Amino acid sequence: MKLFLDTGNIKDIETYCAIGIIDGVTTNPSLMAKEPGDPRAITKRICQIVQGPVSAEVIATDVDGMIREGKDLATIDPHVVIKVPFGKAGVQACKALRAEGIRVNVTLVFSPTQALLAAKVGATYVSPFVGRLDDIATDGMELIRQIVDVYENYDFETEVLVASVRSPMHVAIAGQMGADICTCPPAVIEAMFKHPLTDSGIERFLKDWDDAKGAKA
Ligand code: G3P
């Protein structure tokens, strides 16, 4: 399973890419609004660091505007993937951008039928938001199971990009379900590294080593 980082923060992207575990980055208008500076320059820098797919989202809400903005964002760097919100306009814009060879991530997906429509127009990625479903007492990960099943039945090439990830459990279950990608905020990546038995295990190894060395000295 590929791991993307869900942030526009350069420092976090540098930190986790340096470890070697990050395959791509997703941003959205809310995440980019938090970062000081020119969004185009930030997007370019992210592409240079990650050297993998970087989703940049359009602000336009009409088809022509999405296509225009998408084509413009795609000139920033060859790694840029255009993120369009699901809807009639987003689906139509996705088809037009794909016809130009531009990769598209259809975002804000909350049902298997929405995911099916995105796949039919050749979306490169579909982004179901699991955390926001959990927030309204609906099982977000069940949506992932449904989309993975539908895509497998028809051999769609669209990759399932699990978004709105809130905990390592989302990542673990996504892996069990065969989702292609999880995009995680830095806090979730951080939590994935942690286990108290790893910490206490290292502590014990070091203590045993020191005790033995101390005894010989
Ligand atoms: O990138 C979009 C998505 O991951 C947003 O997550 O936490 O705002 O629901 P969240």
Side-chain angles (χ1 to χ4, degrees), residues 1-13 16-17 21-35 39-40 42-43 45-47 49-50 52-61 66 69-70 73-74 76 79-87 89-91 93-94 97 103-112 114-115 118 123-144 147-148 158-175 177 179-192:
M1 183 173 61
K2 285 174 270 189
L3 271 186
F4 287 6
L5 207 50
D6 196 25
T7 183
N9 186 274
I10 298 289
K11 202 170 172 303
D12 284 337
I13 293 166
Y16 294 103
C17 282
I21 52 169
I22 300 300
D23 303 291
V25 166
T26 50
T27 67
N28 62 39
S30 307
L31 292 171
M32 290 304 272
K34 285 187 205 162
E35 304 304 323
R40 286 183 78 89
I42 295 172
T43 303
R45 182 71 195 118
I46 295 172
C47 291
I49 300 165
V50 74
V54 174
S55 289
E57 190 161 341
V58 299
I59 304 297
T61 54
M66 285 185 190
E69 207 183 324
L73 288 169
I76 295 175
H79 290 109
V80 169
V81 173
I82 304 306
K83 214 173 179 190
V84 297
F86 182 84
V91 169
C94 174
L97 291 166
R103 289 177 298 169
V104 179
N105 175 356
V106 176
T107 189
L108 287 166
V109 163
F110 292 96
S111 76
Q114 289 181 328
T124 316
Y125 307 108
V126 68
S127 290
F129 277 27
V130 295
R132 292 192 195 183
L133 281 171
D134 290 354
D135 289 346
I136 57 163
T138 302
D139 185 353
M141 294 313 296
E142 180 52 28
L143 172 61
I144 302 304
I147 297 173
V148 167
T158 304
E159 292 189 58
V160 181
L161 195 170
V162 181
S164 187
V165 165
R166 303 276 170 77
S167 81
M169 278 310 290
H170 281 147
V171 184
I173 298 168
M177 289 178 175
D180 301 285
I181 307 155
C182 262
T183 188
C184 305
V188 171
I189 300 280
E190 202 56 44
M192 287 168 67

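Counting starts at 1 for both ligands and their atoms, following the listed order. Remember, it's a predicted structure, so these values are computed and weren't measured experimentally. Computed over heavy atoms, backbone and side chain alike; hydrogens, waters and symmetry mates excluded.
Residue N28 has at least one heavy-atom neighbour below 4.0 Å for each of these atoms of ligand 1: 1 (O), 2 (C), 5 (C). The atoms of ligand 1 that sit less than 4.0 Å from any heavy atom of R166 are 7 (O), 9 (O), 10 (P). Residue-ligand proximity, A163 to ligand 1, at heavy-atom distances under 4.0 Å covers atoms 4 (O).
Donor-acceptor pairing under 3.5 Å is recorded for the side chains of N105 and S55.
The N/O atoms of T27, backbone and side chain alike, include none that comes under 3.5 Å of an N/O atom in ligand 1. Taking only nitrogen or oxygen atoms, main chain and side chain alike, T183 does not reach within less than 3.5 Å of ligand 1.
Between V104 and C94, the closest heavy-atom pair is CG1-SG, 3.7 Å. For the residue pair R103 and Y125, the shortest heavy atom distance occurs at NH1-OH, 4.3 Å.
Applying the side chain to side chain contact (heavy atoms under 4.5 Å, CB included) criterion to A56, with sequence neighbours excluded, gives T43, L73, V80. The side chain to side chain contact (heavy atoms under 4.5 Å, CB included) check on I10 picks up E14, I42, R45, I46, I49, with sequence neighbours excluded.
At a 4.0 Å cut-off, at least one heavy atom of K83 sits close enough to ligand 1 to count as contact.
In this structure, atom 6 (O) of ligand 1 lies nearest to the protein heavy atom S164 CA, 3.3 Å. Here the heavy atom of the protein found nearest to atom 4 (O) of ligand 1 is D6 OD2, 2.5 Å. Nearest protein neighbour of atom 8 (O) of ligand 1, counting heavy atoms only, is R132 NH2, 2.8 Å.
Checking side-chain atoms of S164 against main-chain N and O of R132 turns up a donor-acceptor pair under 3.5 Å. Counting only distance, with no hydrogens or angles, the side chain of Q114 and the backbone of F110 share a donor-acceptor pair below 3.5 Å.
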